[in-house]
Each structure stands twice: as structure tokens, then as C-alpha cells.
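Have a look at the structure below before the remarks.
All figures in this text were calculated on a predicted structure; none of them were measured in a lab. In what follows, chains carry the letters A, B, and so on, assigned in the order in which the sequence lines appear, proteins first and then strands, with residues in each chain numbered from 1.
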Amino acid sequence: MRWASALEAVRRAPTLAVGALMLLTWVVTALGAQWIAPYTAVQLNLQAVLAAPSAAHWFGTDQYGRDVLSRVLYGGFYALSIAPAATLLGLVLGGAIGLVTAYFGCWVDEVVMRLLDAVMAFPIVVLALLALTALGPSLVNVIMVIGFVFAPLIARTVRAAALAEVRKEYVQAARLRGEHLPYILLREILPNVKGPLVVEGTIRLGYAVFTSATLGFLGLGVQPPTPDWGLMVSDNRNMLTTAPWTVLFPALAIAFVVVAISLLADGLEELTAR
Amino acid sequence: MSAPLLDIRGLTVTYRRRRDAVTAVRDVSLAIRPGEAYGLVGESGCGKSTVAMALLGYLPRNGRLDQGEIRFEGRDIARMGPAELRALRGARIAIVYQNPGSALNPSLPVGRQVAEVYRYHARMGWREAHEAAAAMLERVRIADPRRVMRQYPYQLSGGMQQRAVIAMALAGDPALLVLDEPTTALDTTVQAEILELFDGLRAELDAALLFISHNLGVVRHVCDRMGVMYAGELVEQGGADALFAAPRHPYTAALIGCVPDFGVVKHERPLASIPGTLPDAAALPSGCAFAARCPIAQARCRTDHPPLEVLDGARLSRCWFARDTPAPDAGIYADEPPQAASAQESPVFFSVRDVHVRFGAVPILRGIDLDLRAGRTFGLVGESGSGKSTLARVLTGLSAPSEGSLELDGGRLSEKAAGRTAAARRALQMVFQSPDTTLNPSHRVAHILRRAVRVLSGLRGDALRARARELLKEVALGDEVEPRAPAQLSGGQRQRVAIARAFAGDPRLVILDEPTSALDVSVQAAILNLLIVLQRRSGVAYIFISHDLAVVRYVSDRIGVMYLGEIVEEGPTEAVFGGPHHPYTEALIAAVPHLRAAPAQSAVRLRGQSPGPARRPAGCPFHTRCHRVRSGCAEREPPWRDAGGGHHIRCWISVEELTCVQAGHDKQ
């Protein structure tokens with residue numbers, strides 16, 4: 001029965017299925033890189049520096065003779081560890097802010113929302129750059145920073161959805177019973193804003209992959225020789241004309257994941273809209 | 001007899017759903033003569049709106065006209081092409097829907113929208129069309145048409161918007177005007193004005209009306225003939241007077257018995273109840289569709305489908321025992337006999353003292369005083385914007401008053417629900433208006449009730465589950481609804497769960513804010529009966545808020561009438577309705593459509609619309625609309641006058657004079 005309804009969902013939202021399949025490919029290759037990849041990520045081969053794609057090196061090699069395919073496969077793991085954790089942090093923070101501001105309204109809503117507007121006035125990358133220069137680059141810091149800069153955006157979406165719910169009579173009934181605030185927010189309101197929250201979370205997940213790659217490119221993410229996609233693009237950008245495969249394949253990997261997540265988000269939105 | 005204008009024969013309409021098909025209208029035949037007013041009544045899901053859509057060629061994409069023909073002026077609408085249909089709609093047939101707010105384009109001035117009809121159908125130039133639109137707006141009794149024409153829909157009240165929509169419908173000079181619940185979204189007083197407008201227009205125009213409504217009183221007021229639909233079929237048809245006087249189908253009789261006709265009170269007669277629910281349109285029984293719910297059904301009814309039989313003259317009934325149909329107020333439709341009022345007066349346990357609510361400088365409530373007695377129902381009536389719902393929110397602690405106090409058993413209650421003691425929260429509960437939002441859509445019925453029992457009565461474990469099940473039983477629901485989500489329940493069932501939730505902590509006062517106004521009449525009757533039984537069993541007191549005076553009169557022991565945030569009259573129900581009454585109450589009463597009596601030809605009508613709390617007139621707030629206004633009214637606030645027996649009226653006119661002028665008026 002569950003399988004039947006899953007099939008029905010695929011039929012109704014094919015983009016969802018395609019996105020999910022692409023995403024699954026990423027997760028499997030990122031987690032299974034050590035078994036799938038033909039070489040390790042840091043294995044140097046000075047005999048084959050900047051080799052073009054061939055049977056031995058499908059994606060070619062970089063300036064140290066490292067296998068690009070293996071590095072792209074291993075690199076998936078870093079994107080996979082940063083993006084979901086950062087998105088989750090953003091969802092928890094933003095969700096809490098959105099629920100509280102919607103519930104209290106009045107001046108709480110005004111003050112918090114204007115503050116968030118001020119934060120959102122800066123481009124995300126500029127904000128993240130500032131914070132990471134101050135904190136120093138590390139995996140945990142990248143996750144924290146991306147999570148924090150996403151929180152205002154998520155808070156807006158949750159607030160808009162929760163505003164419609166807060167006025168409904170079941171919330172008033174809960175207040176009349178004397179339910180405490182966490183119960184009203186988490187058990188009464190949250191389940192009814194789940195749809196927009198999931199869609200927003202998925203969209204943010206895609207952006208998180210992109211942002212982490214950008215930060216890697218700028219040298220603020222994980223440090224070399226770690227095989228991070230953004231970092232790979234950055235390291236090899238001087239070879240763009242002579243050995244384009246060193247930049248092309250990590251860039252394609254970023255695009256693949258971002259497109260996969262966008263498709264998933266669109267599919268989810270279609271499903272929840274109906 | 002002239003040839004019919006509209007002749008529907010054997011109309012059958014089917015909707016395709018994902019897995020099956022549902023026949024929404026089955027073999028419906030009806031004819032409307034030129035200039036005639038035909039009423040089509042029935043509860044939600046009976047197919048009356050589908051008939052209207054079919055005859056306009058507006059069936060939704062998944063709807064199919066399977067059989068039958070719709071002859072309008074001799075031509076079959078079902079066989080018309082899109083161009084022919086366009087020429088017909090708006091010109092020969094026009095329709096007015098329930099919600100005028102969405103029928104008008106919010107970004108165009110009203111005048112332009114009416115003129116558009118003349119431009120399109122009469123091919124007039126702009127200037128000419130503009131003049132014609134002004135004339136039509138005047139015809140629908142809009143006082144200052146030139147000014148209204150420049151206004152946008154949001155600047156008009158609901159009643160004025162509906163007049164503008166009617167003007168648009170009439171602009172094409174239709175031969176048939178279809179009215180689909182045209183007054184359902186309006187206040188009773190505004191409804192009365194619109195109904196009066198229809199009366200006037202019928203005398204002036206020769207358009208026929210097809211009036212679709214669930215409100216029997218309204219149909220009775222407007223129509224000459226009427227048809228009753230049930231489960232997609234026409235079950236009875238006849239002249240409006242004859243049909244109400246002696247229904248010839250048990251469904252019609254029960255439906256009439258469900259409506260608390262103005263003047264009926266709970267101690268005299270319980271409302272009829274129709275047991276069970278509408279049969280699933282995808283699996284209709286082979287016999288009579290109503291048999292399972294019919295009090296006089298015999299074995300034959302369950303096996304043989306009754307034909308629409310001609311009785312005497314113009315009467316039609318789809319019942320094997322049409323001539324044996326008991327009258328609507330026969331006891332057979334009710335579950336329980338009425339209970340006499342107890343003569344003993346219970347003590348006051350809850351008081352409201354001088355409560356004010358202001359939003360900024362705008363007074364929403366001004367000095368409300370109330371005393372409530374255990375086991376009694378206090379009815380609150382007034383137009384929208386009179387402050388009824390704000391008062392309810394203050395009593396429950398959902399909003400805090402700007403001034404004044406609430407007392408429970410003589411002790412002062414905290415203003416906010418969160419600051420009240422557990423006992424006080426248990427004592428005061430509320431049932432809300434909308435069955436769609438009263439229950440959390442993500443929770444199951446079992447969770448909703450168990451949570452309320454846990455928080456309000458502190459029970460745990462098996463005792464908690466047992467109590468939740470008992471609550472369901474008290475509101476006449478079975479255990480099988482426990483695992484269901486609110487979306488899987490009907491509106492009436494949801495409202496029952498909401499009532500059970502309010503009763504979880506054995507409350508002493510339950511505030512009922514329009515608890516039945518979103519429900520069908522038969523469901524409303526069942527809910528009202530339930531509330532009365534619960535009150536008798538538990539001794540709970542109610543505050544019953546409604547804009548429906550007949551319902552309030554039916555359930556209440558005492559009544560308070562509110563106008564612009566003040567109580568202007570208060571007293572025992574029969575004293576308030578019997579008179580003398582405040583001129584405002586007098587006007588409200590005159591606006592109620594009656595079921596059995598012929599429509600009252602009362603000249604008492606409210607003038608204009610309520611100015612709203614922001615523009616509250618000085619002196620007596622009602623003087624700007626009062627039909628008995630005199631010189632001093634605008635200057636000072638009127639005094640309370642004692643009409644005896646706990647009945648108080650706040651008016652400059654003395655009780656003796658009110659008695660005299662109103663009695664004289666009633667005789668006319």
C-alpha cells in the first residue's frame with residue numbers, strides 16, 4: 001500500500017522523482033567514495049600531471065597529478081556534511097524566530113523583523129566572509145555561519161505561514177485551556193506549517209551547497225589539500241584554458257547537486273500545493 | 001397558462017472524480033414561467049447549485065450533462081456553442097452569487113463595472129452606458145448613484161456591494177435572474193433590505209427568478225413556487241404557501257421542523273432532527289434516497305424508488321406515502337419531548353462589571369454589565385460590528401479589557417486566560433464559529449479530546465481515555481471517530497468534537513460564538529438540541545452569540561441586544577421579543593423572515609448601515625438610524641428605563657410610550 005502511494009506521488013510529481021534520484025546518486029557516491037573512487041583524493045602522480053581525460057583517469061588529473069574523478073567523488077562528502085547541517089541549523093533557528101514573532105505579533109514582530117531585514121540587506125556571501133574572517137575557517141564554523149545567515153530567510157517564510165495559523169480557532173482553544181507557549185508553538189502550530197517549512201528547507205539546502213562551494217572557492221572553507229569542490233575550482237582556475245577538465249568537473253558536480261535539490265523542492269511544492 | 005420560459009426536463013449531471021463518478025443531479029424536471037419566482041431549496045450537497053451551473057452552461061470541467069434538456073425560450077442550452085452561450089449569459093440569463101465581494105472586480109470603480117454590461121450587451125458608447133448604469137443603480141435603491149459609481153468595491157458595505165451586483169445582473173435586461181444564496185453572506189437587517197428590493201423589482205420588471213437557498217424563511221418570503229431537493233433529486237414541488245402549510249414529503253416536513261421559526265422556544269417544542277447523514281452520492285440506495293432517515297419509512301421505501309407523483313393540482317411529491325406525511329411540528333421528528341422551564345431562579349455566579357475595550361481611542365466595548373445564572377442561557381444579538389465577539393474574547397481572557405472587571409463566585413478573575421487558576425479556566429470554555437478551523441487539522445480526534453481532558457481535568461492513563469470516550473458519547477458520536485483527522489469529519493461532527501472539548505473540564509459557563517451559523521439547518525437543529533440536553537444534564541450556563549434572532553430566541557432564557565459596543569436592551573427573552581422593545585430591537589425583529597406566517601408588512605427598517613465604532617455618534621449611538629428619533633437624542637446618552645420583570649431598555653422614549661407606539665404599529 002505504501003509502495004502504491006509512493007508510485008502515485010511519482011506519477012503526480014515527476015520532477016520530485018528525478019530530483020530525488022539525482023540526490024540519492026550524490027549521497028551514495030559521497031558516502032561510498034572510498035570504495036567507488038579509483039584512487040584516493042590526495043594520491044600524487046607526478047608522471048601524469050595535467051593529463052587529459054583518458055581510460056586511466058576518466059576526468060583527467062590536476063597540476064599535482066591527482067585523479068580529478070576521485071577528488072570529485074571524495075569532495076561530495078564535504079558538501080554533504082556542510083549543507084544539511086547548516087540547513088538544519090538555519091531551520092531550527094529561523095523556525096523558532098518565525099513561530100515566536102508570528103505568535104506574539106505587535107512590537108515583538110516589528111522589532112525582530114526589522115532586525116532581520118537589516119541582516120538580510122547584506123549579501124549572504126559578504127556576511128559569511130566577514131564572520132569567517134573573524135572566526136577563522138573550519139568545518140564547524142562554515143556550518144554555523146551558513147546556518148546563521150540562512151535563518152532570517154527561513155524565519156520570514158515560517159512567519160508568513162504561521163501568521164495564518166495563529167489566528168485560527170484551534171490556537172485560541174489551546175490558549176483557553178492554559179497550554180504553555182512551547183506546546184502551542186511546537187505541537188499546535190508547527191505541524192500546520194510543515195509544508196512550507198519542508199519546501200523552504202529544500203531550497204535552502206541547494207543554496208547551502210552553493211554557498212559552501214563559494215566559501216571554499218574564496219579560501220574560507222576547508223583548507224587544502226581537502227578535496228572540496230569550491231576549493232578545487234579555485235585551485236585550478238589558472239589552468240582553465242590549458243586543462244579545463246580540472247575546473248569543469250567539480251563545477252559540474254556543484255551544478256548537478258544544486259539542480260537535483262531544486263527539482264526536489266519544485267516537486268515538493270507541487271505536492272503540498274495540491 | 002403561458003409557455004414556460006425555462007423548461008428543464010430529466011436533467012442528470014455527473015461529476016467524474018479520481019476513481020469514480022458521482023451523479024450530483026438525477027432526473028430533475030422543473031419549469032419556470034415568465035415573471036415567476038421559483039425557489040429551489042435543500043441542504044449542502046443536494047445538487048441545487050449544480051442545476052444553476054448546468055443551466056448557465058457553466059459546469060466545471062469534470063462535470064457532464066448526461067441526460068435531459070434545458071430549454072430556455074424554446075432553445076436547448078445544452079446544445080449551444082460557446083458564442084451562443086456568451087450572448088445568452090448576462091443578457092437573457094443573469095446570475096447573482098453569494099459573495100458580492102468576489103463577484104466585483106476590486107480594482108475597477110463600481111460604475112465602470114455596471115457600465116461595462118451596457119457596453120457589451122447593448123453596444124452603447126461610454127457616455128450612454130454611464131448614464132444607464134447610474135439609472136440602474138438608482139433602481140436598486142442606491143441613494144447617491146453618482147458618488148457610488150466612482151467608488152471601488154472595498155469602499156462599499158456588503159449590502160451595497162450586493163446591490164451593485166444585482167444592478168449588473170439586471171443591466172442586461174434578463175428574462176431570468178438566477179440568485180444563488182444572494183443573502184447568505186449578509187446581516188439579517190441587510191438581508192431584509194435586499195429581500196425588500198427583490199419584492200420591489202419583481203413589481204417593476206418582468207424577469208423570472210430562480211432563487212436558490214438553504215434558508216427556508218428567505219425562499220418563503222420571495223417565491224411563488226418552490227422545489228425541494230434531496231440527494232440530487234427533486235423530492236417535492238408546489239406553491240410556497242401550500243408547501244409550508246402542509247408538506248407532502250417527510251424530508252420537507254423535517255426540514256421545516258428543523259428551523260426554529262420565530263417565536264418558538266425550547267420549552268415548547270424540540271427542533272426536529274434528521275438522523276444520520278446524506279447518503280454517499282456514489283452509492284445511492286436502490287429505494288427512496290431518504291428512506292434511511294425517514295420516520296415513516298416502510299419496507300417498500302427501501303426497495304422501490306418512488307416516482308415524482310402528481311398529487312392535487314400543482315403539487316408533486318417523490319414519496320410513496322405523500323398523503324400521510326406528518327406535520328413539521330409533530331413529535332415524530334423530534335427525539336425528546338420538550339422540558340418545561342424550571343421556575344426556581346438559580347444564583348448569579350458570574351458577573352461582568354463595567355467592561356470597556358478600546359483600540360487606541362476607538363471604543364469597541366463601552367461599559368458592559370452582565371450577571372449570569374447557573375443553568376441558564378444568555379443570548380447576545382446585534383449586527384456585525386456591535387462588539388459581540390469582542391465581549392466573548394474578553395470573558396474568556398483571550399483579550400484583556402481596557403477597564404472593568406470579571407467576577408467568578410464573587411472573586412475577581414485575572415484578565416488573561418494564562419493568569420487564571422486552573423479551576424477558573426475549567427469553568428469558562430468556548431465553542432467557536434467555524435467548524436473548519438476549530439480543530440487542529442494535524443491532530444486526531446482522540447488526541448484533541450485527550451489533551452483537553454488531561455490539561456483541564458488532570459486525569460491520566462485509563463481514566464483519561466475513558467473520559468475522552470465518554471465525552472464523545474455525550475455529544476452523540478461513536479468511538480469510530482477517535483482515530484480520524486478533522487478533515488475526515490463533516491462540519492456538524494467537527495462542531496460536536498469542539499463542544500466535547502469545551503466540556504472536558506465540566507465547565508460552568510460555555511461561550512458559544514455563532515456555533516451553528518456555518519451549518520446546514522438540519523445539522524444546526526441537531527447541535528442546538530444537543531446543547532440544550534447538555535445544559536439540562538450538567539447545569540452549565542451558556543452565552544449564546546448569534547446574528548440569527550430566531551435561533552437566539554429559541555435557546556435563550558435572557559437576551560442582551562448590543563449596538564456599537566453597548567447593551568441597549570436586556571431582559572427575559574419573551575419580554576424583550578414581546579415588547580415593548582428598544583427601537584433597534586424592534587428593527588432587528590422586523591428583519592427576521594418568518595416561515596409559517598405570511599411575511600410581515602412592517603415599515604420598520606434600519607436606515608443605512610452602522611457607522612462603526614470609529615465614527616460613533618454622540619448622544620444615543622443609535623439616533624442616526626432610529627425610526628423613532630426625536631430632538632434630544634443626539635445630545636445626551638439615554639437613561640436606562642425599567643420595563644418591569646428584570647427587563648431594561650436604554651432609550652429616551654419612556655416605556656409607556658414605547659408600549660403604546662409599538663402596539664399601535666403591530667396592529668397595522
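Remark: A:L176 CG to B:L456 CG distance equals 9.0 Å, nearest 0.5 Å.
Other residues, nucleotides and ligands contribute only 12 or fewer heavy atoms inside 6.0 Å of the OH atom of A:Y207. Residue A:M144 places its CE atom among 12 or fewer non-hydrogen atoms of other residues, nucleotides or ligands, all under 6.0 Å distant. Crowding of B:Y15 atom OH: a count of heavy atoms from other residues, nucleotides or ligands under 6.0 Å exceeding 12. Annotation: A:F122, atom CZ; neighbour count of heavy atoms from other residues, nucleotides and ligands within 6.0 Å does not exceed 12.
The main-chain N or O of B:L398 is found under 3.5 Å from a side-chain atom of A:R175 such that the two form a donor-acceptor pair.
The salt bridge (charged side-chain N to carboxylate O under 4.0 Å, His left out) pairs that include a residue from residues 114-126 of chain A are A:E110-A:R114, A:R114-A:D117, A:D117-A:R156, where partners are two or more places apart or lie in different chains.
Taking 4.5 Å as the limit, every side-chain heavy atom of B:M430 sits out of range of all side-chain heavy atoms of A:E169. Residues A:Y170 and B:H443 form no side-chain contact, since every pair of their non-hydrogen atoms from C-beta on lies 4.5 Å or further apart.
Each of B:R451, B:R425, B:R426 was checked for a side-chain contact (heavy atoms from CB on, under 4.5 Å) with A:R177, and the lone residue meeting it is B:R451.
Between chain B and the options A:Q172, A:R167, A:K168, heavy-atom pairs under 4.5 Å are most frequent for A:Q172.
Identified by a heavy-atom distance below 4.5 Å to chain B, the contributing residues of residues 187-202 of chain A are A:R187, A:E188, A:P191, A:N192, in residue-number order. Annotation: residues 75-98 of chain A contacts chain B through no residue [non-hydrogen atoms, separation under 4.5 Å]. The contact list for residues 489-497 of chain B toward chain A, using heavy atoms and a distance under 4.5 Å, is empty.
Looking at B:R393, only its side chain comes within 4.5 Å of chain A, counting heavy atoms on both sides. Contact annotation for B:A452: both backbone and side-chain heavy atoms come within less than 4.5 Å of a heavy atom of chain A.
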